[in-house]
Amino acid sequence: MEESGGEDSVPPALDKSRVLSVRPLRCLVPIFASTPNFPSYFHPQAAAPIVCNPPTTPFPAGFSPFYPFCVSPNSQNMQIPPQPPPPFGFGGSATIPSPVPFNVLRAEANGDAGPSRRSSRGLQPLQSEEDGSSDGIHVTDAEDSTRGATAQKRRCGSSQDMNVPTSDVETDALVENILESFNLMKFDTFRRADGDKESVQYILLIYDLLRRKISQIEDSKESTPGVTRRPDLRAGTILMNKGIRTNIRKRIGTVPGVEVGDIFFFRMEMCLIGLHAPSMAGIDYMGLKVSQDEEPVAVSIVSSGGYEDDSEDGNVLIYSGQGGNAYKRGLETTDQKLERGNLALEKSLHRGNEVRVIRGVKDIANLTGKIYVYDGLYKIRESWVEKGKSGSNVFKYKLVRISGQLEAFTVWKSVQQWKDGTAARVGLVKSDLSSGAENIPVSLVNDVDDEKRPANFTYYPTLKYLKPVNLTEPSTGCSCQGGCLSSNSNCPCIQRNGGYLPYTANGVLISQTALIHECGSSCKCPQNCKNRASQGGLKVRLEVFKTKDKGWGLRSWDPIRSGAFICEYAGEVIDISRAEELRVENENAYVFYATSTNQPGQFMPGVSIESQKNPFPLIISATDSGNVARFMNHSCSPNVVWQPVLRENSKECDLHIVFYAVRHIPPMTELTYGYGIVPSDKAHQRKKKCLCGSVKCSGYFY
DNA sequence: TGAGGTCAGAAGTAT
DNA sequence: ACTTCTGACCTCAAA
C-alpha cells in the first residue's frame, strides 16, 4: 500500500487525523486513605494464632477462613503490633467479626459519605504519586469512588430489576471480610502509584481468591438460565472500587512489579496491576505532553486473536488496528478510522516509544479460556492499511521485540515444538523418568553439566502405607451419580468441606484449609467428579532438570494457574524414628514432614502462617521410592504449597499430601515450596544455606 | 467434542 | 454516551 509509513516520511494517512483535544487523559488522582501492610504477610515469622474452624462460626466453614483474627474490626486506630497479622488466615472462630452486609456499604457509597470523603479529586495531579512512600497498593475509601458507587448502584439495581435473587449475603460477607482485613492494616503510610513485585502479587492473590470464592458461591446456587455469570468481572469491579490496585498512573515501558513472562488468566488482572488498563479494548494509550501540545501514544497492546493478527516469529508481531467491527463476525464491517488506539499506535511509530505487548494464547487446560503472556517491550517499525478478509480497510502495525529481554512468548513456542516433535529438547537425558508410571511423561533434562541422572530411586506415583493406619472415625462416601455438586447440600462430601465444593468447576483449589475432603473409593460418584481434583495423576507436563546451584529441580512445560493441582508427594509413610535413622544415614535423605502446616513464606490465603498441628500428621520418605515431588526445591518465596487431602475410604486412612500452585506459574519456571520446620532436636544442626534468591529469603532452610 | 454464535457487561475515553 | 471485546454459556454440526 502506498500509505505505508516510511521512516522518514509522514504517511498521508496521518493527515486524516483530527485535531486532538489536548487534555491529560488521566487527571484523577486517587486518594490514598489506607494501605495494607503486606510485607508482614510474607514473613514466616509473622506468626498468628490459628484456630480450626468449627461448624459454629458465623460463616460457612468453606469461606470464613480468610480473615485475620485477634484484632477487633473496631480497633481502627490501633498501633502497629509487634507482629502484624497476615491479611488472611484460617479464621479463628471466636474472633471473626460478624459480617456486615455489603448493602450497608452500597448505601454509604451512594452519597452520604462520611467525613472521609475527599473533595480534592483531580487536584494536585501527580504530586501524591511522587511524594508517597514505599509500597504500591492504592487503597481508597469506597466513598471516594463515585464511579464505583454508581457501578454498585447499577449492579444492585439491575439485579433487582431482573429478578435475580439479591440475597447475596454470602458474597457480601465475603467482600466484607476482605475489606475488613484491609482496614486492619491502615497503619501503614501513604503510597505512591508505583507498585512493586510484592504489591502486584498481593493484588493478584486477592483477586484470584475473591474470584474463586464468588465462583464457589455462585456454583452452590441454582443456575439461572440465560444469566451469564462473570465472577472475573465481579471480583475485578469490587477491587477497582475499593482501590485495591496498583500502577494506576499510565506509563510507557516497564511496569514496576511486573516481569516479562508473567502470565494472566483474566483481562481484569492486567487492569488491576496497571499492565493494561482497558478491561476489554486491545490498545491502551495515554496523552503525552510534547511542548505545548499533547498527543496520544500507545502504551500497551493485547494481541488475542480477535483480529487477523499475525506473528511471523516469536519476536515480530503484525497487529491489527481496532474498530471497524472486525471482531464481530457476521456483522457488517466498516473501514477502520485513524483515531483512538489506531492513532496512538501511529503516533508511537513516529515517536519511537516502547509498547508493551501482551499475547493471548489458548489455554489447553481450560477449553474456553485464554492465557495472557506479558511478552515485554516492542517498538513499532511500520504501519500500513490493507483490505481485511471482509473487504474493509484495516490498519496494520509491525512490532519488533526489543532484544535483551527475558524470554517469554518464545518459551511457549519452544514448548509447543518439543511437544509436537518439531524440535528436540536440548539436554534431554530421559524422555520419561516415570517409565510410564505417570499418564504424562516426565522429562529428565540436564543442560548445565554432565551429571547423567539423580541418585537411584524407584519411581512410584503415590503414597505407600507400610502398615495400615486406623481411621479415627468411620466415614461413608457419597452417592452422587453424576458427580458432586455444591448445590446438593445433602452430599456428605460437600458437607465435610463446610458446605462447599473445595474446587472450582475447572478443578482449581479455592483456598487452603486444614484438610480437604475429596471423594474416594467409598463414594459412588464417577472419577471425573469435581471433588476428585487431585486424583487421576499429573495434569501438566513436568520436567526434572538440573539447576545451576541447587541440584535437581522441578518445572513445568505447561502454564499452571493459581490453585491448580500439580502433584502429590509420593513415597513411604514412615514414623519419626525411621525418619531420624534415614537422616543419620544420609543428610540429604528425602524426608517430608507433613506434621505441621508451617510453610514459610507461603501466602495463599486461608491458612495461617503459624505452625499448626496437621490433623493427620504424616512423615514420608521418598528416599527409595517417590515421584516428581521429591525434586522440588525449597524457596522462601515459593510458588507452590502443599495441603493434606483425605479421600473418602471406609476401610483405611487414605490421606495424601497434595501440591497446588499459589500463583500463576509461567512455563519453565522452577516449582518450589517452603520446606517448613523439621520436628527434630537436631534440626538446627542440619540447617542448610538457602539459595532461593528471593528478597524474602531467610538465609537457610532445613 | 469442538467450533461458532450470543450477549451482558467494565473501564476508560470522548462528548 | 460510546467504544472496545471478554468470557460464560448456549447451540448445533461433525467426528
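Letters A, B, ... are given to chains in the order of the sequence lines, protein chains preceding strands, and every chain is numbered from 1.
- In this structure, of C/dT6, B/dA10, B/dA14, it is B/dA14 that holds the atom nearest to the side chain of A/R340.
- Using a 4.0 Å cut-off between a side-chain N of Lys or Arg and a carboxylate O of Asp or Glu, A/R359 and A/D375 qualify as a salt bridge.
- Residue A/Q322 contributes atom CD, which lies 12 Å from atom P of B/dT13 at whole-angstrom precision.
- OP1 or OP2 of B/dG12 lies within a sub-4.0 Å distance of a side-chain N or O belonging to A/R245.
- Closest to the side chain of A/S304, from the set B/dA10, C/dG7, C/dT6, is C/dT6.
- In this structure, CD of A/E339 is placed 13 Å from C1' of B/dT15, rounded to the nearest angstrom.
- Side-chain polar atoms of A/S383 and A/K398 form no donor-acceptor pair below 3.5 angstrom.
- Ionic pairing of A/K396 and A/E382 is not present here: no N-O contact between side-chain nitrogen and carboxylate oxygen is shorter than 4.0 angstrom.
- In this entry the distance linking CG of A/L275 with C1' of B/dA11 reads 15 Å, nearest Å.
- The existence of a salt bridge linking A/R234 and A/E218 is confirmed by a sub-4.0 Å separation between a basic side-chain nitrogen and an acidic carboxylate oxygen.
- Less than 6.0 angstrom separates the ring centroid of A/F265 from the ring centroid of A/H664.
- Residue contacts for A/G369: at a heavy-atom cut-off of 4.0 Å it reaches no nucleic acid atom on any strand shown.
- Judged by distance alone with a 3.5 Å cut-off, a donor-acceptor contact links the side chain of A/R230 to the base of C/dT6.
- Between A/R249 atom CZ and B/dG12 atom P the separation is 15 Å, expressed in whole Å.
- Distance CZ (A/R229) to P (B/dT6): 22 Å, rounded to an integer number of Å.
- The side chain of A/K250 lies closest to B/dT13 when the candidates are B/dT13, C/dT6, C/dA8.
- Note: CE (A/M270) to C1' (C/dC5) measures 12 Å, nearest angstrom.
- If you check B/dA14, C/dT4, C/dC9 against the side chain of A/Y285, the one that comes closest is B/dA14.
- Put simply, CG on A/D284 is 7 Å from P on B/dT13, counting in whole angstrom units.
- Spacing between atom NZ of A/K362 and atom P of B/dG2 amounts to 10 Å, rounded to whole angstrom units.
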